[in-house]
Amino acid sequence: MTVTLADVAARAQVSPATVSRVLNGNYPVAAATRERVLRAVDDLDYVLNGPASALAAATSDLVGILVNDIADPFFGIIAGAVQSEIGGPGGRAGGERLAVVCNTGGSPERELTYLTLLQRQRAAAVILTGGAIEDAEHAAAMAGKLRRLAEAGTRVVLCGRPPSPETDAVALTFDNRGGGRRLTAHLLDLGHRRVGYIAGPRERSTTRHRLEGHRAALAAHGVEDDPALTVHGPYDRRSGYDATVELLRRAPELTAVVAANDTVALGACAALRDKGLRIPDDVSVAGFDDLPFSVDAVPALTTVRLPLYEAGARAGRIAMGKEEPPPGGVATVHGELMVRGSTAGPR
């Protein structure tokens with residue numbers, strides 16, 4: 001026999017309206033009453049009719065988290081942090097939100113499709129993580145989707161990507177330019193002048209911003225930006241390996257490699273070792289993000305630490321209305337240079 005809202009109300013000795021308020025988490029209810037309702041929900045194994053509830057309310061209990069690659073620790077850390085902030089009291093049914101992680105695989109079309117599906121589901125919030133795709137047509141389509149979500153009552157937060165003008169989306173942006181500048185400046189201060197750079201995909205905002213920081217450091221130190229010393233590729237280990245082989249072919253005399261992120265840096269280290277080169281004795285290597293494995297690399301990886309978990313948790317709190325958005329709807333999240341054993345002066 002199907003358990004109804006009235007059954008829960010009778011078990012908890014409250015009105016059906018009170019049960020609804022507890023389960024939707026949208027109205028203050030006394031702690032003792034809330035506990036009684038939640039205990040009745042557990043005892044009767046009551047399941048709220050999500051679609052019907054969403055039709056009755058402005059939004060549902062669903063929170064969408066868009067990531068480029070869930071297997072990448074960068075996105076996994078942010079998504080996990082978001083989910084830690086979207087639960088209801090005590091982790092039970094009252095006010096609980098269902099996190100749906102949408103893996104776009106870097107596809108612009110899939111990104112738009114997921115936003116459409118989340119809009120159909122009347123998502124309570126949508127959080128988009130990582131860099132944006134820099135294409136004018138796609139950016140216009142994205143802005144339209146984000147505006148429609150906001151108009152329907154969905155909170156939209158951008159975590160680790162640039163602001164979206166003319167939308168109500170809150171943006172927590174990473175200071176990729178500043179981090180890239182400090183990373184390359186560290187190597188130049190050590191005395192390196194032939195520095196190879198392994199950049200990410202050309203169409204990503206993160207790629208452009210980190211590369212701009214790298215070039216700014218070169219200019220500040222009076223070092224020529226040699227186009228032959230920059231190679232683009234995906235944000236993965238294979239790309240780091242192949243790009244390093246290509247850089248060594250173009251410039252056998254290079255003494256340092258800066259990688260788009262830590263995963264790419266691991267591939268660079270593997271290629272250098274396979275070529276019989278020592279790190280950092282022959283070639284220094286630096287990454288970006290400070291992913292968990294970076295400190296365990298041999299030698300430990302010099303990198304820029306981005307507070308990924310903290311940024312994701314803040315995005316989750318803003319999405320749930322637990323924290324006020326930053327002034328103007330935009331906040332810049334700064335990274336910290338972590339100098340470790342993979343970088344040293346040239347010999």
Side-chain angles (χ1 to χ4, degrees), residues 73-74 175-200 206-207 210-306 335-347:
F74 177 96
D175 181 22
N176 287 306
R177 286 190 189 89
R181 185 180 63 252
R182 287 191 295 275
L183 198 60
T184 297
H186 162 66
L187 291 167
L188 297 173
D189 288 342
L190 289 174
H192 294 279
R193 290 300 179 267
R194 297 293 283 170
V195 180
Y197 191 89
I198 307 174
T206 300
T207 298
R210 292 182 182 183
L211 183 54
E212 287 174 350
H214 167 71
R215 288 172 171 164
L218 293 176
H221 284 74
V223 177
E224 179 188 0
D225 177 23
D226 184 350
L229 293 183
T230 298
V231 178
H232 286 266
Y235 287 118
D236 58 34
R237 182 185 180 279
R238 184 76 229 180
S239 171
Y241 189 101
D242 293 343
T244 301
V245 171
E246 176 61 17
L247 285 170
L248 290 171
R249 185 191 68 79
R250 296 180 185 181
E253 75 284 1
L254 69 79
T255 62
V257 173
V258 178
N261 67 11
D262 294 338
T263 303
V264 173
L266 287 189
C269 290
L272 291 170
R273 285 193 296 267
D274 286 352
K275 292 291 185 180
L277 297 170
R278 299 165 298 168
I279 306 166
D281 304 71
D282 299 315
V283 181
S284 290
V285 178
F288 206 113
D289 294 335
D290 196 27
L291 298 177
F293 57 76
S294 302
V295 72
D296 295 320
V298 181
L301 195 61
T302 290
T303 185
V304 172
R305 172 182 290 171
L306 289 178
E336 178 185 0
L337 178 65
M338 309 299 295
V339 178
R340 300 187 178 121
S342 67
T343 53
R347 297 192 178 183

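Owing to the predicted nature of the structure, the values given are computational and were not obtained by experimental measurement.
In terms of the ring-ring contact (aromatic ring centres under 6.0 Å, His included) criterion, His192 has no residue partners (sequence neighbours excluded). Under the rule for a side chain to side chain donor-acceptor pair (under 3.5 Å), Thr206 has no partner lying at least two apart in sequence or in another chain. In this structure, the side chain to side chain donor-acceptor pair (under 3.5 Å) partners of Asp289, at least two apart in sequence or on a different chain, are Arg210. Applying the side-chain contact (heavy atoms from CB on, under 4.5 Å) test to Ala217 and every residue at least two apart in sequence or in another chain returns Arg181, Thr184, Ala185, Leu188. Residues that satisfy the salt bridge (charged side-chain N to carboxylate O under 4.0 Å, His left out) test with Asp189, not counting sequence neighbours, are absent from this structure. Partners of Thr244 under the side chain to side chain donor-acceptor pair (under 3.5 Å) rule, at least two apart in sequence or in another chain, do not exist in this structure. Scanning for side-chain contact (heavy atoms from CB on, under 4.5 Å) contacts around Ala243 gives Ile198, Val231, with sequence neighbours left out. Listed by chain and residue number, nothing satisfies the ring-ring contact (aromatic ring centres under 6.0 Å, His included) test with Tyr235 (two or more places apart in sequence, or in another chain). By the side chain to side chain donor-acceptor pair (under 3.5 Å) test, Arg177 is found to be paired with His209, Glu212, residues two or more places apart in sequence or in another chain being considered. When the side-chain contact (heavy atoms from CB on, under 4.5 Å) test is applied to Asp296, no partner is found at least two apart in sequence or on another chain.
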Which donor-acceptor pairs under 3.5 Å do the side chains of residues 269-276 make with protein atoms, sequence neighbours left out?
from	atom 1	to	atom 2	distance (Å)
Asp274	OD2	Tyr241	OH	2.6

Handout entry: Residues Arg347, Asp281; criterion side chain to side chain contact (heavy atoms under 4.5 Å, CB included); working and verdict
Key = CA-CA 7 Å; Arg347 297 192 178 183; Asp281 304 71; 3.4 Å; yes

Practice task
Go through the steps for Leu277 and Leu248 under the test side chain to side chain contact (heavy atoms under 4.5 Å, CB included), then give the verdict.
Solution key: CA-CA 11 Å; Leu277 297 170; Leu248 290 171; 4.1 Å; yes

Practice task
May I have the step-by-step check of side chain to side chain contact (heavy atoms under 4.5 Å, CB included) for Val195 and Leu229, ending in yes or no?
Solution key: CA-CA 7 Å; Val195 180; Leu229 293 183; 5.9 Å; no

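Sorted by first and then second residue, the salt bridge (Lys or Arg N to Asp or Glu O under 4.0 Å) pairs with a member in residues 216-225 read Arg215-Asp225; sequence neighbours excluded.
The nearest pair of heavy atoms linking Val304 to Gly335 is CG1-CA, 4.0 Å. Here the closest non-hydrogen pair linking Ala199 and Ala260 is C-CB, 3.9 Å. Of all heavy-atom pairs between Pro299 and Ser342, the closest is CG-CA, 3.7 Å. Contact detail for Gly287 and Ala265: the closest heavy-atom pair is CA-CB, 3.9 Å. A pairwise comparison of heavy atoms in Thr263 and Leu291 identifies OG1-CD1, 3.9 Å as the closest pair. Residues Asp236 and Ser239 share a closest heavy-atom pair of OD1-N, 2.8 Å.
A side-chain hydrogen bond (donor to acceptor under 3.5 Å, both in side chains) with Thr303 is found for one member of Asp262, Asp290, Asn261 and no other, namely Asp262. Evaluated for a side chain to side chain contact (heavy atoms under 4.5 Å, CB included) with Val285, the options Leu301, Val258, Val264 yield exactly one hit, Leu301.
Using modelled atom types and a 3.5 Å distance limit, the side chains of His186 and Thr343 yield a donor-acceptor pair.
Annotation: the span from His221 atom NE2 to Arg193 atom CZ amounts to 6.5 Å, rounded to 0.5 Å. With rounding to the nearest 0.5 Å, the separation of OG in Ser294 from CE in Met338 is 10.0 Å. Between the CG atom of Leu306 and the CG atom of Asn176 there is a distance of 6.5 Å, given to the nearest 0.5 Å. In this structure, Arg237 CZ and Asp242 CG are separated by 10.0 Å, a value rounded to the nearest 0.5 Å. Rounding to the nearest 0.5 angstrom, the gap separating the CZ atom in Arg194 from the CG atom in Leu247 is 10.0 Å. Of the inter-residue distances, the one linking His232 atom NE2 with Tyr197 atom OH reads 8.5 Å to the nearest 0.5 angstrom.
Here the side chains of Thr302 and Leu183 are in contact, with some heavy-atom distance below 4.5 Å. Leu187 places none of its side-chain heavy atoms less than 4.5 Å from the side chain of His214.
Using modelled atom types, one side-chain atom of Arg250 and one backbone atom of Ala228 make a donor-acceptor pair closer than 3.5 Å.
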